Protein chains: 2
Amino acid sequence: MNDTENILETLRQRQFRITPQREMIIDALLSGEHHLSAEDVYAQVQTRTSAVNIATIYRTLDMLVEQGIASRTDLGGQVIYAPVGHGPHIHLVCRHCSFVIDADATVLAALDEQLQRDYGFAADLGHISLFGVCTGCKE
Amino acid sequence: MNDTENILETLRQRQFRITPQREMIIDALLSGEHHLSAEDVYAQVQTRTSAVNIATIYRTLDMLVEQGIASRTDLGGQVIYAPVGHGPHIHLVCRHCSFVIDADATVLAALDEQLQRDYGFAADLGHISLFGVCTGCKE
DNA sequence: CTCTTTGTTGCGACTATTTGCAATAACGAG
DNA sequence: CTCGTTATTGCAAATAGTCGCAACAAAGAG
C-alpha cells in the first residue's frame with residue numbers, strides 16, 4: 001500500500017495529470033531515505049534523467065504536501081520532505097540526528113477535543129511534527 | 001515580564017553582546033504584530049535607522065530561536081517569527097489567515113508521557129506548532 | 001488515431017536566505 | 001578612560017526557492 005502506483009492513482013482521481021516527472025519525484029520520495037531535501041530529490045531524479053527542472057521538483061513537492069501525500073518539516077534552515085502514511089500520525093523529529101520517527105496519533109484525540117472546545121481551533125491531525133531528542137541521541 | 005530589557009538581560013547572562021541592532025530587532029519582534037517575517041522585521045527596523053543589514057536580521061533571528069526566545073514557523077513558503085512566552089505552550093497556526101493563537105500546553109503532559117514511554121522520545125514541549133483552521137476561518 | 005482542452009513543464013528572471021571575511025565595536029581588565 | 005580580546009556586523013558573492021509565461025503534452029472526445 002502507498003507505493004508509487006497507489007499515489008499516482010490517487011492523484012489521477014483528483015484530476016491531476018500523471019507525468020513522468022511526477023512519477024520520478026514520487027519514486028524518489030518513497031525510496032528508502034526518509035528525510036530528503038528538495039535538492040536530494042533533485043539529485044536522485046537526475047540520476048535517471050536530466051530532463052527535470054528544479055522548479056518542477058519544488059512545485060510537485062508542494063503539491064504533494066497540499067494533497068496530504070507528503071509532509072514538509074522545517075528543521076530551522078533545512079526543509080525536509082517525507083511520504084505520509086495512512087491515517088493521522090505524528091512525526092517525531094530528532095533535533096540531533098534529524099531522524100524522523102512515525103508515531104501513532106491515537107494520543108492526539110484528547111488534545112484535539114480540548115483545542116476544539118477551548119479555542120475553537122480545528123487542528124489538522126494528519127500533519128504534525130514534534131521536535132525533541134530520540135533515544136539514540138540522549139548522550 | 002519578557003519585554004526587551006528582560007530578553008537583553010538573559011542574553012547578557014549567556015555571554016552574548018548587546019548591540020543596538022539586537023535591541024531593535026527584539027523590539028520589533030515584541031511590537032504588537034505576532035507573525036512577522038524576516039522582511040517585516042527588517043522593514044520595521046529600517047524606520048528607526050538604515051544602519052542594519054538584512055543578514056544581521058536573519059542571524060539575530062536564528063540566534064533568538066536557538067536561545068528559545070523566539071519561535072520560527074514555516075507556513076509552507078512563508079516563514080514567520082514570534083516571541084516565545086514563558087513556559088511551554090502551543091502555537092495554533094491557522095492555515096487560512098496565518099494567525100497564530102498561543103494556547104496553554106497543559107494538555108500536552110499526557111502526550112509527552114506516552115511518547116516517552118512508547119518511543120523513548122523526549123519531545124521539546126516548548127516549541128510546538130499545530131496547523132489547522134481557526135474559528136473565524138471556518139467558512 | 002487525431003483533435004482539443006487545459007494542466008504542467010522548462011526557462012530565465014527575480015526574491016529570499018546564507019556564508020566568508022575583513023572591519024568594527026562590546027565589554028572586562030588594568 | 002584606554003587597551004586588548006573576540007563576538008558581531010556589513011558587504012558582497014553564493015545559494016536556495018519562487019514566479020510569469022510561452023511551449024508542451026496528458027487525457028478525454030470523436
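Order of the sequence lines fixes the chain letters, A, B, ..., with proteins taken first and strands second; residue numbering starts at 1 for each chain. No experiment lies behind these values; they were computed from the predicted model shown.
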Under 4.0 Å, counting only non-hydrogen atoms across every strand here, what does A/I18 touch: a base, just sugar-phosphate, or nothing? sugar-phosphate
Once you round it to whole Å, what is the distance between [atom2] of [N] and [atom1] of [X]?
| X | N | atom1 | atom2 | value |
| --- | --- | --- | --- | --- |
| A/I80 | D/dG17 | CD1 | P | 13 Å |
| A/E66 | D/dT18 | CD | C1' | 14 Å |
| B/Q67 | D/dT8 | CD | C1' | 15 Å |
| B/I54 | C/dT17 | CD1 | C1' | 9 Å |
| A/L61 | D/dT18 | CG | P | 10 Å |
| B/Y58 | D/dT15 | OH | C1' | 13 Å |
| B/I57 | D/dG10 | CD1 | C1' | 12 Å |
| A/L8 | C/dG7 | CG | P | 19 Å |

When you check the phosphate oxygens OP1 and OP2 of [N], does a side-chain N or O of [X] lie under 4.0 Å from one of them?
| X | N | result |
| --- | --- | --- |
| A/T19 | C/dT9 | yes |
| A/R22 | C/dT8 | yes |
| B/Q15 | C/dA26 | no |
| A/R59 | D/dG17 | no |
| B/T56 | D/dT9 | no |

What's the separation between atom [atom1] in [X] and atom [atom2] in [Y], rounded to the nearest 0.5 Å?
| X | Y | atom1 | atom2 | result |
| --- | --- | --- | --- | --- |
| A/T60 | A/M24 | OG1 | CE | 10.0 Å |
| A/L30 | A/T4 | CG | OG1 | 4.5 Å |
| B/R14 | B/E66 | CZ | CD | 11.5 Å |

So, does [X] use its side chain to make a donor-acceptor pair with the main chain of [Y] at under 3.5 Å?
| X | Y | answer |
| --- | --- | --- |
| A/R22 | A/R17 | yes |
| A/S129 | A/T73 | no |
| A/D40 | A/S37 | yes |

Between B/R12 and B/A55, which has a closest nucleotide on DNA chain C that is more 5'? B/A55
Nearest to the side chain of [X] - [options]?
| X | options | result |
| --- | --- | --- |
| B/P20 | C/dG10, C/dA26, C/dT18 | C/dA26 |
| B/A38 | D/dT5, C/dT17, D/dT9 | C/dT17 |
| A/E39 | D/dG17, C/dT5, C/dA25 | D/dG17 |
| B/D62 | D/dT9, C/dT18, D/dA26 | C/dT18 |
| A/Q21 | D/dT8, D/dA25, C/dG10 | C/dG10 |

The correct set of residues in residues 40-53 of chain A placing a heavy atom under 4.0 Å from DNA chain C is A/A51, A/V52, A/N53
Could you point out which residue of B/D62, B/V41, B/I25 forms a side chain to side chain contact (heavy atoms under 4.5 Å, CB included) with B/Y81?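 Per the side chain to side chain contact (heavy atoms under 4.5 Å, CB included) rule, the option paired with B/Y81 is B/D62, out of B/D62, B/V41, B/I25.
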Within-4.5 Å side-chain heavy-atom neighbours: A/L130 and B/L111: yes
